Structure formats: structure tokens, C-alpha cells
Amino acid sequence: MKVVHTFEEVRDLAGGRIGLVPTMGFFHEGHLSLIKAAAESTDTVVVSVFVNPLQFNESGDLDAYPRDLDRDAALAETAGAQLLIAPADSYMYPRQHYTRIRVAGASDGMEGAYRSGHFDGVATVVAKLFAGVRPDVAFFGRKDAQQLAVVRALARDLSFPVEIRGLPIVRESDGLALSSRNIRLDGEIRGSALALSTALFAASDAFEAGERSVAALTHEAATRLGTHSGVETEYVEAATARDVAGVETIEAEVFLAVAARIGNVRLIDNVHLNPGTGLADRGVRLSEPSILYGGP
Ligand code: PAF
């Protein structure tokens, strides 16, 4: 696998059907599942590692974001990537950089309401990655369900000739959704973080038992979250997976999402509820602790 720093190098080296896995690095099994899926269905897998300053609204969060390019390159290669692009900030955003992309609708509410400008930053960097890498398929995790809807709308509205694939959330064996921020959860805080998935799984059980009222399902999840000390809930909301539109009754696929602060770590999680099958997608679970905590 080769590590490069410019889109020109990617375009010189990539051939056949190109699969792009956009990331901010510090890989866990969630990222690796995207790279593996890309390797199974495309000829050249390009992984981008770029901690995008435009999508952070707290400078402390940007500074604290974990980074280890050598580790990421080794893991990406093992998972089947051929190219890793790690562009410099000054390459992505030269001094004269005036354009911002805003996907109205899908960017509003939930994360958009709590993280002003976040999705404009995501949409802008993803558009640059699509324009620079020119992938045939791009892979995103369903953990960022609202981001996935934003990216789908971006690709559709700006006619990027790319297929967007969303893959299941990967969780620790006890249910905690993988996130690069999890390495900042230690001691008691780690236990409190489990409240998010526990609350969502309780609502999923109610959905699978036939409950279709969004008010009842969000109440179930919010009540569970509220019983945990050390958890500061920001929101518990449901919206359509396609448009991030609010609904009262679940008649199309929705995601039920939570965001909470545990100590100084902000976490998000969700489950997808499909009224067609009557099933909740809770993601997949690892049998061993994540590689985030030291290995391999
Ligand atoms: O999900 C992420 O890691 C980021 O938001 C993305 C899509 C790589 C854009 O910076």
C-alpha cells in the first residue's frame, strides 16, 4: 500500500473501479469494516485520512482528536487498501478558499442543531474528496446516520457519479458503539457510556414488539438514559433515514438517535428501525475488545 498526499498522485496510481473510504483516521474495526467492504467490491481502495478542521466547532475537540498515521497505514493495508491519501491542511484549504457547501434539510436538527456548521464542513470536505479522488463507490458508517443522509443528498444534488454505501455500526461486545473518541473514556465514565446503547436497545425491543409511535420510542430511550448518573443527554430523536425528516409514526425506515456528554466526551449512537421487516438494526458486535485499546 502506498501513502500519498495529493489527489494527482491518487489519480495517477488508481485504476479500475475506485472505492473511497473517507475517514479522519485513528482506525477501529468500524473503519476496517468499510475498507474490507470496499476491497470486496472495487479494484482500487483509496482511504483518506484527514482531520477536517472545518467540521469541528470546538477547538478543544479538534486538538484532542487522536492521530497516528503510521498505525492507520498498517491497518488500512491489512484490511485491503491500496492507497492512503493524507492531505495537508494547507493542500485541502489553501489560503484563498471561499466555497462552503450547505445541504439544507438533512443538515438541520439533531447534530446540526448542536454543532453549528458541522455538516457544512462535512459536505465541503466530502465534495472535495469526491472531486479529487473521483470514486465509483464511497463507503460510510451508519453510526453517523445524519451524515450519511447529508452525503447522499450532496452526491445526488451535485450529480457526483458515485454510489454511496452505508454500512452497519460496529460495537464492543457489551454494545458500546465504536468511536475514536472511546479512548478518552476511562474508569467510571466507560460504564456510563453504555447508557446510550442500552437506551437504544430498549427502544428497539419495543419497536420489534410492535410499537410504532415515535413519541413512545423516544420516551422509552430518554427515560432509560435519564436514569444514569454522569450522562448529560443532548437529544433523543427519530427521523427518516433518507431525508432526516421528523415523523410521528414509523411508516418508512427511521433512525432513532441519541447524543450525550459523558464527562468531557461527547458521544452519539443510533439504531435503524425498519417497519417493512419489523426489525431494528442494532449493528454488529465484536467478540474481543476493540483494537482502539492497544492492539494489534
Ligand atoms: O465520518 C468522518 O470520519 C468524517 O465526518 C468524514 C466523512 C471523513 C469527513 O471528514
Side-chain angles (χ1 to χ4, degrees), residues 21 29-31 33-34 36-38 40-41 103 105-113 119 122 137-156 162-179 194-225 233 235-260 267-286:
V21 181
E29 288 84 347
H31 299 107
S33 74
L34 303 180
K36 285 177 189 157
E40 276 164 22
S41 56
V103 178
S107 297
D108 302 329
M110 293 184 167
E111 287 302 283
F119 286 121
V122 170
V137 194
F139 298 79
F140 294 85
R142 288 177 109 191
K143 165 138 181 299
D144 295 297
Q146 189 175 4
Q147 169 175 281
L148 184 56
V150 167
V151 169
R152 284 192 200 283
L154 166 82
R156 196 175 58 230
V162 58
E163 177 195 337
I164 308 298
R165 282 197 208 155
L167 271 81
I169 294 177
V170 182
R171 300 180 178 280
E172 297 280 1
S173 58
D174 59 7
L176 180 70
L178 295 189
S179 160
L194 262 191
L196 278 76
S197 52
T198 307
L200 289 169
F201 294 166
S204 299
D205 293 343
F207 173 78
E208 288 181 341
E211 183 61 77
R212 294 292 179 270
S213 153
V214 165
L217 293 168
T218 52
H219 178 74
E220 172 76 42
T223 309
R224 299 255 175 178
L225 263 183
T233 305
Y235 64 80
V236 180
E237 282 179 43
T240 56
R242 190 188 139 87
D243 303 317
V244 198
V247 283
E248 288 179 8
T249 307
I250 301 180
E251 284 161 354
E253 186 177 350
V254 308
F255 65 99
L256 174 60
V258 301
L267 297 177
I268 59 170
D269 196 356
N270 71 76
V271 286
H272 279 67
L273 308 176
N274 184 335
T277 59
L279 295 175
D281 178 356
R282 299 170 178 80
V284 295
R285 292 198 195 206
L286 300 173

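Remember, predicted model here, so these are calculated numbers, not experimental data.
At least one donor-acceptor pair closer than 3.5 Å links the side chain of Arg285 to the backbone N or O of Ser173. The backbone N or O of Leu279 lies less than 3.5 Å from a partner atom in the side chain of Thr277, making a donor-acceptor pair. A donor-acceptor contact shorter than 3.5 Å is absent between the side chain of Asp243 and the backbone of Ala245.
When side chains are defined from C-beta on, Leu178 counts as touching Glu172, because their heavy atoms get closer than 4.5 Å. Phe119 is not listed as a side-chain neighbour of Val103, based on a closest heavy-atom distance of 4.5 Å or more. Side-chain contact between Glu253 and Arg242 is absent, with no heavy-atom pair separated by less than 4.5 Å. Under the 4.5 Å side-chain criterion, counting only non-hydrogen atoms from C-beta, Asn274 is not in contact with Asp281. Within the 4.5 Å cutoff, the side chain of Leu286 has heavy atoms near those of the Val170 side chain. Within the 4.5 Å cutoff, the side chain of Asn270 has no heavy atoms near those of the Asp144 side chain.
The distance from the OG1 atom of Thr240 to the CD atom of Glu251 is 12.0 Å, given to the nearest 0.5 Å. Distance check, rounded to the nearest 0.5 Å: CG of Leu196 to CZ of Phe201 gives 10.5 Å.
Using a 4.0 Å cut-off between charged side-chain N and carboxylate O, Glu40 and Lys36 make no salt bridge.
The two residues Val244 and Ala149 have their closest heavy-atom pair at CG2-CB, 3.5 Å. The two residues Leu167 and Ser33 have their closest heavy-atom pair at CD2-O, 3.9 Å. Of all heavy-atom pairs spanning Val214 and Ala238, the tightest one is CG1-CB, 3.8 Å. The shortest non-hydrogen separation linking Glu111 to Ala259 is OE2-CB, 3.8 Å. Smallest separation of non-hydrogen atoms from Ala38 and Val21: CB-CG2, 3.9 Å.
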Report task. Evaluate the criterion side-chain contact (heavy atoms from CB on, under 4.5 Å) for residue pair Ile268 and Val258; output intermediate values, then yes/no. Result -> CA-CA 6 Å; Ile268 59 170; Val258 301; over 6 Å; no

**Report entry** Derivation of the side-chain contact (heavy atoms from CB on, under 4.5 Å) call for Gln146 and Phe255
**Finding:** CA-CA 9 Å; Gln146 189 175 4; Phe255 65 99; 4.2 Å; yes

Report task. Determine, stepwise, if the pair Phe140 / Arg152 fulfils side-chain contact (heavy atoms from CB on, under 4.5 Å). Result -> CA-CA 10 Å; Phe140 294 85; Arg152 284 192 200 283; over 6 Å; no

Report task. Evaluate the criterion side-chain contact (heavy atoms from CB on, under 4.5 Å) for residue pair Leu256 and Leu273; output intermediate values, then yes/no. Result -> CA-CA 7 Å; Leu256 174 60; Leu273 308 176; 4.2 Å; yes

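For the side chain to side chain contact (heavy atoms under 4.5 Å, CB included) test, residues two or more places apart in sequence or in another chain that qualify with Ala177 are Lys143, Ile169, Arg171, Asp269.
Applying the side-chain hydrogen bond (donor to acceptor under 3.5 Å, both in side chains) definition to pairs two or more places apart or across chains, those involving residues 196-213 are Asp205-Arg282, Glu208-Arg282.
Remark: Arg156 CZ is packed, more than 12 non-hydrogen atoms of other residues, nucleotides or ligands lying under 6.0 Å away.
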